[in-house]
There are 2 protein chains.
Amino acid sequence: MAQSDTVDRILDAAEELFAERGFSETSLRMITSKAKVNLAAVNYHFGSKNALIHAVFARFLTPFSATLEDAFDDLEARCDGEPPTLNQTLWALTESAVRMPQRNEKGISIFMRLLGLAYTQSQGHLRKFLEQEYSQPFSRFMRLLKEATPQLSAVDRYWRIQFMLGATAFTMSSSDALQDILQNKLGVETTVQEIAARLVPFLAAGMQAEDTMLVPPPHKTSVA
Amino acid sequence: MAQSDTVDRILDAAEELFAERGFSETSLRMITSKAKVNLAAVNYHFGSKNALIHAVFARFLTPFSATLEDAFDDLEARCDGEPPTLNQTLWALTESAVRMPQRNEKGISIFMRLLGLAYTQSQGHLRKFLEQEYSQPFSRFMRLLKEATPQLSAVDRYWRIQFMLGATAFTMSSSDALQDILQNKLGVETTVQEIAARLVPFLAAGMQAEDTMLVPPPHKTSVA
DNA sequence: CTGCCGGTCAAACGTATGTTTCAAACAGAC
DNA sequence: GTCTGTTTGAAACATACGTTTGACCGGCAG
């Protein structure tokens with residue numbers, strides 16, 4: 001056991017419980033009892049519950065953002081001046097996520113759910129933490145998206161990026177429950193990789209949809 | 001004030017606070033003090049906090065599901081045997097939502113955010129409540145989607161529906177914050193109707209994307 | 001052995017929560 | 001006015017939470 005694995009045990013338990021139940025709904029007592037660790041250990045090692053939440057994100061996000069930067073470097077190098085296509089950009093992102101070394105078989109889906117929760121639950125401190133710690137790869141991704149969709153107006157692109165984020169965060173954030181339902185109803189086993197493989201074409205098609213027409217025409221109410 | 005507007009004042013305050021902060025993060029004391037009502041009134045009129053949450057949803061969802069059924073009736077009548085197109089189905093849904101009588105100007109976006117939270121926060125009781133109270137219009141919408149996309153496999157269709165739900169719930173759920181950003185960065189005013197007008201084409205294009213290829217081909221790692 | 005120090009532990013602290021209680025205020029019927 | 005059932009009010013209840021405390025343990029340098 002070398003020094004002390006208490007810190008990792010806490011992080012593991014917290015990660016899993018946060019993903020299952022959300023942040024506010026998970027108490028330190030649940031975490032410490034799942035981790036088989038004394039209650040005070042959290043405040044001793046991390047300082048506060050919020051700091052623990054940040055640490056859970058940092059443990060995954062820091063190596064991930066490095067991997068992602070590499071993937072983007074690779075991609076831009078291969079494209080040699082030409083801006084990467086939308087598909088290439090989206091794939092670079094998902095591949096980076098899937099290739100991360102994972103603590104266990106459901107590591108990625110747990111973390112996707114956490115990211116979804118981070119965006120969804122208002123938790124101001126988390127949002128601030130993520131924005132100021134990981135703004136660089138995020139901005140770079142945004143720039144790539146912009147260069148890959150020059151035909152879109154700024155406003156259209158802005159909203160469609162939100163739609164993409166939403167579809168991704170939402171799907172991944174409820175993927176456990178959804179996978180349960182899907183297994184029961186259709187008898188299909190689905191991995192995160194397969195979900196991503198379905199998601200990317202959906203997003204790419206949405207991004208490249210015909211230009212938005214602001215007056216919704218394809219509808220004829222009451223009057224035939 | 002006629003009989004008692006206490007119930008409505010509580011519902012108004014709860015709706016707004018839940019949307020802003022989530023369910024667990026909103027206490028009964030916040031609600032009752034915003035509603036200028038005694039703390040005990042919630043338990044007196046609703047029985048429990050969970051029952052209050054259900055009531056908030058029911059107040060919007062019950063008339064909405066009726067409106068939606070009418071819209072679907074209309075649509076199917078106009079199509080006369082032929083299954084409605086995907087665009088028609090999506091527009092029937094969004095038009096129904098937008099046309100609901102609204103308590104105030106942000107009524108719809110508040111409620112969209114609530115629906116997103118309902119799906120995202122695990123809150124088992126809420127999910128059960130929604131499923132068993134409003135399964136009928138939901139199933140009908142699913143059937144219409146199925147008939148409008150006969151080319152999709154059941155699994156593909158299932159996931160793409162989840163993507164649609166995600167993009168919608170997520171976008172609407174953070175639309176207030178997003179609209180603020182958008183106004184500052186791009187100087188554009190955007191209404192819920194306009195967001196919907198951008199969202200529907202995005203969703204329709206995603207739903208009708210080329211068939212999913214499960215082995216992601218458009219990527220060439222390391223090897224040129 | 002002594003002294004120290006990072007880590008663990010049980011227990012307690014203060015606060016906030018959802019819920020309950022019971023008396024007071026109110027409305028309408030007789 | 002009096003009675004009756006409903007609604008409000010202030011206060012208390014029990015519980016759960018995040019955090020803090022201070023005693024204790026174990027290894028290691030002097």
Side-chain angles (χ1 to χ4, degrees), chain A residues 1-59 114 117-118 121-126 128-129, chain B residues 1-59 114 117-118 121-126 128-129:
Chain A
M1 305 251 145
Q3 54 220 43
S4 147
D5 57 343
T6 304
V7 168
D8 289 302
R9 295 243 299 284
I10 293 176
L11 286 174
D12 288 339
E15 182 176 284
E16 207 159 329
L17 285 172
F18 285 151
E20 276 174 20
R21 318 174 32 94
F23 304 109
S24 314
E25 294 83 354
T26 301
S27 71
L28 292 185
R29 285 166 175 83
M30 293 178 200
I31 295 172
T32 53
S33 94
K34 171 165 189 151
K36 294 197 179 62
V37 155
N38 187 273
L39 169 60
V42 171
N43 284 280
Y44 177 78
H45 286 288
F46 297 93
S48 71
K49 184 181 179 180
N50 280 352
L52 169 62
I53 297 177
H54 296 173
V56 167
F57 277 87
R59 181 169 66 152
L114 283 183
L117 288 183
Q121 315 211 170
S122 25
Q123 300 277 59
H125 68 97
L126 222 191
K128 248 164 228 161
F129 169 77
Chain B
M1 297 256 145
Q3 56 217 43
S4 147
D5 59 342
T6 304
V7 168
D8 290 301
R9 297 242 299 284
I10 293 176
L11 285 174
D12 289 339
E15 183 177 282
E16 206 159 328
L17 286 172
F18 285 152
E20 276 173 19
R21 319 175 30 96
F23 304 110
S24 316
E25 294 84 352
T26 303
S27 71
L28 293 185
R29 283 168 176 82
M30 294 178 199
I31 295 171
T32 53
S33 93
K34 171 166 189 148
K36 294 197 178 62
V37 154
N38 188 272
L39 170 60
V42 171
N43 284 279
Y44 175 78
H45 286 289
F46 298 94
S48 70
K49 184 182 179 179
N50 280 351
L52 169 61
I53 296 176
H54 296 175
V56 167
F57 277 87
R59 180 169 67 153
L114 283 182
L117 288 182
Q121 312 210 176
S122 28
Q123 300 276 54
H125 67 97
L126 221 191
K128 246 164 228 161
F129 170 77

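So you know, we letter chains A, B, ... as the sequences are listed, proteins then strands, and number each from 1. Both backbone and side-chain heavy atoms feed into the values below; hydrogens, waters and symmetry mates do not.
Rounded to whole Å, the distance from CZ on A:Arg29 to C1' on D:dT19 is 9 Å. What separates CD1 of B:Ile31 from P of C:dA16 is a distance of 17 Å, to the nearest Å. If you measure from atom CZ of B:Arg9 to atom C1' of D:dT7, you get 13 Å, rounded to the nearest angstrom. Taking atom CD1 on B:Ile53 and atom P on C:dT17, their separation rounds to 14 Å, with Å as the unit. In this structure, CE of A:Met30 is placed 10 Å from C1' of D:dC17, rounded to the nearest angstrom. Following rounding to the nearest Å, B:Glu25 (CD) and D:dC17 (C1') show an atom-to-atom distance of 14 Å. Taking atom CG of B:Leu28 as the reference point, atom C1' of C:dG18 lies 6 Å away to the nearest angstrom. C:dA11 atom C1' lies 15 Å from atom CG of A:Asn43, rounded to whole Å.
Residue B:Thr6 places its side chain closer to D:dT8 than to any other of D:dT21, D:dT8, D:dT19. When distances run from any side-chain atom of B:Ser27 to the nucleotides C:dC9, D:dT19, C:dG18, the shortest one goes to C:dG18. Residue B:His45 places its side chain closer to D:dT7 than to any other of D:dT19, D:dT7, C:dT19. Considering only the side chain of A:Asn38, C:dC9 comes nearest among C:dC9, C:dT19, D:dT8. In this structure, of D:dT19, C:dC9, D:dA10, it is C:dC9 that holds the atom nearest to the side chain of A:Ala40. Comparing D:dT7, D:dA12, C:dG6 by their nearest atom to the side chain of A:Tyr44 picks out C:dG6.
Here the NZ-NE2 distance, from A:Lys128 to A:His54, works out to 10.0 Å after rounding to the nearest 0.5 Å.
Two residues are said to be in side-chain contact when any heavy atoms from C-beta on lie closer than 4.5 Å; A:Leu28 and A:Asn43 meet this criterion. Looking at heavy atoms from C-beta onward, A:Ile31 lies out of side-chain contact with A:Lys49 at the 4.5 angstrom threshold.
B:Val56 and B:Ala14 make their closest contact through CG2-CB, 3.9 Å (heavy atoms, listed as atom of the first residue, atom of the second, distance).
Each of A:Leu39 and A:Lys36 has a nearest nucleotide on DNA chain C; the 5'-most of these lies closest to A:Lys36.
Taking the six-membered ring for Trp and thresholds of 30 and 60 degrees, B:Phe23 and B:Phe57 have ring planes inclined between 30 and 60 degrees apart.
Within 4.0 Å of B:Thr26, counting heavy atoms only, lie sugar-phosphate atoms of the nucleic acid but no base atom.
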